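Small disclaimer: the values here were computed from a predicted structure and weren't measured. By convention in this document, chain letters (A, B, ...) are assigned in the order of the sequence lines, proteins followed by strands, and residues within each chain are numbered from 1. Worth knowing before you read on, the calculation uses all heavy atoms, side chains too, and leaves out hydrogens, waters and symmetry mates.
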Amino acid sequence: MTDFSEQIYRLLMNVPKGRVTTYKALAQALNTKSYRAVGQALRRNPYAPKVPCHRVVASDGTLGGFNGKRGGRELEKKKKLLASEGVKILGNRVDNFKKIVINNIE
DNA sequence: GAGTCATTCGTTG
DNA sequence: CAACGAATGACTC
């Protein structure tokens with residue numbers, strides 16, 4: 001594992017349940033410009049249950065990569081999971097995203 | 001060593 | 001208002 005993934009995992013851990021993060025925020029927290037890299041590490045999910053990749057969404061509040069990329073049926077699952085966490089999903093966007101999104105991770 | 005990728009921003013139609 | 005392309009850095013094979 002790389003320090004990069006380690007940092008992401010740590011940041012996700014700092015995101016309380018019922019809240020979501022954006023790739024941009026993570027990338028900024030890691031001081032990187034490649035938002036993709038963040039998603040890449042999450043996609044592999046080096047830390048399966050510890051890194052709730054579904055809690056990470058695009059900067060627009062959309063589901064981002066989990067949408068229509070891989071069949072999309074997992075998307076439904078994630079949507080439900082997020083709703084279960086307190087994050088309501090409208091279509092493929094996060095409700096109150098602006099309120100639950102964390103633009104600034106410690 | 002090369003290819004791929006879960007994004008984002010900017011510009012143009 | 002909407003859509004397309006270009007840029008970037010990391011991870012995997």
Side-chain angles (χ1 to χ4, degrees):
Chain A
M1 253 11 107
T2 76
D3 296 288
F4 197 80
S5 305
E6 210 179 293
Q7 293 293 331
I8 294 170
Y9 145 75
R10 198 169 179 150
L11 290 166
L12 260 302
M13 199 179 148
N14 270 276
V15 177
K17 173 192 93 170
R19 234 128 281 191
V20 295
T21 323
T22 70
Y23 297 102
K24 202 192 177 204
L26 286 165
Q28 272 194 31
L30 299 179
N31 207 24
T32 186
K33 267 166 52 225
S34 285
Y35 318 99
R36 282 183 166 196
V38 180
Q40 285 287 324
L42 291 172
R43 195 210 193 207
R44 306 295 163 186
N45 220 355
Y47 305 90
K50 284 194 170 174
V51 179
C53 38
H54 60 262
R55 233 183 255 172
V56 184
V57 296
S59 67
D60 290 280
T62 43
L63 280 252
F66 334 94
N67 194 359
K69 229 77 168 197
R70 188 85 172 176
R73 38 190 152 215
E74 293 208 21
L75 191 287
E76 283 182 71
K77 218 171 166 185
K78 258 139 205 185
K79 283 198 333 196
K80 208 180 168 186
L81 184 59
L82 283 163
S84 202
E85 299 258 303
V87 181
K88 285 141 199 155
I89 307 296
L90 301 177
N92 42 312
R93 292 217 171 103
V94 181
D95 185 34
N96 299 310
F97 168 69
K98 229 179 100 174
K99 291 187 166 184
I100 64 177
V101 74
I102 301 179
N103 284 296
N104 198 262
I105 308 182
E106 25 183 311

Colleague: Side chain to side chain donor-acceptor pair (under 3.5 Å): which pairs involve residues 48-60 of chain A, sequence neighbours left out?
Modeller: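 Listed by first then second residue: A/Arg55-A/Glu85.
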Colleague: Output the rounded distance in Å from CD (A/Gln28) to P (B/dC9).
Modeller: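 Answer to the nearest Å: 9 Å.
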Colleague: Is it the case that one hydrophobic cluster holds both A/Met13 and A/Tyr23, taking links as side-chain heavy atoms less than 4.5 Å apart, direct or via other members?
Modeller: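 A/Met13 clusters together with A/Tyr23.
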Colleague: Is the closest side-chain heavy-atom distance between A/Leu26 and A/Tyr35 below 4.5 Å?
Modeller: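 Result no, sub-4.5 Å side-chain heavy-atom pair not found.
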Colleague: Could you give all pairs that pass the side chain to side chain donor-acceptor pair (under 3.5 Å) test and reach residues 97-106 of chain A, with sequence neighbours left out?
Modeller: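 Matches after skipping sequence neighbours: none remain.
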Colleague: Atom pairs under 3.5 Å, N or O on each side, protein against nucleotides 4-8 of chain C: can you list them with distances?
Modeller:
| from | atom 1 | to | atom 2 | distance (Å) |
| --- | --- | --- | --- | --- |
| C/dT8 | O3' | A/Lys33 | NZ | 3.4 |

Colleague: Heavy atoms only: give me the nearest A/Ile100-A/Arg19 pair and the separation to one decimal.
Modeller: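 A/Ile100 and A/Arg19 have their closest heavy atoms at O-CG, 2.7 Å.
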Colleague: Please, what dot-bracket string fits DNA chain B when only Watson-Crick and G-U pairs with both distances under 3.5 Å count, crossing ones use [ ] and pairs to another strand use |?
Modeller: |||||.|||||||
Colleague: Shortest non-hydrogen contact from A/Gly64 to A/Ala58?
Modeller: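 Closest approach of A/Gly64 to A/Ala58, heavy atoms only: CA-CB, 4.0 Å.
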Colleague: Linking I/L/V/M/F/W/Y whenever their side-chain heavy atoms sit closer than 4.5 Å, directly or via other members, would A/Leu81 and A/Val101 fall into one cluster?
Modeller: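 No.
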Colleague: Can you list everything that forms a ring-ring contact (aromatic ring centres under 6.0 Å, His included) with A/Tyr9? Sequence neighbours excluded, please.
Modeller: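 Counting only residues at least two positions away or on another chain, A/Tyr9 forms a ring-ring contact (aromatic ring centres under 6.0 Å, His included) with A/Tyr47.
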Colleague: Within the sub-3.5 Å range, which N or O atoms of nucleotides 11-13 of chain C have a protein N or O partner, and how far apart are they?
Modeller:
| from | atom 1 | to | atom 2 | distance (Å) |
| --- | --- | --- | --- | --- |
| C/dC11 | OP1 | A/Thr2 | OG1 | 2.5 |
| C/dC11 | OP1 | A/Ser5 | OG | 3.4 |

Colleague: Report yes if some heavy atom in the side chain of A/Pro16 is under 4.5 Å from a heavy atom in the side chain of A/Ile102; otherwise report no.
Modeller: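 Yes; the side chains approach each other to less than 4.5 Å.
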Colleague: When syn is taken as a glycosidic angle within 90 degrees of 0, is B/dA6 syn or anti?
Modeller: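 Glycosidic conformation of B/dA6: syn.
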Colleague: Side chains of A/Val56 and A/Val15: does their closest heavy-atom pair fall under 4.5 Å?
Modeller: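 No - every pair of side-chain heavy atoms lies 4.5 Å or more apart.
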Colleague: Below 4.0 angstrom from OP1 or OP2 of B/dT7, is there any side-chain N or O of A/Ser59?
Modeller: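 Negative; the distance criterion is not met.
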Colleague: So do A/Leu82 and A/Val94 actually touch side chain to side chain, heavy atoms under 4.5 Å?
Modeller: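 Counting from C-beta outward, A/Val94 and A/Leu82 never come under 4.5 Å.
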Colleague: Could you give the CG-to-C1' distance, from A/Asp60 to C/dA2, as a whole number of Å?
Modeller: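 To the nearest whole Å, that distance equals 14 Å.
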Colleague: Nearest heavy atom decides the nucleotide; on that basis, is A/Lys24 or A/Cys53 closer to the 5' end of DNA chain B?
Modeller: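 Per heavy-atom nearest nucleotide, the more 5' residue is A/Cys53.
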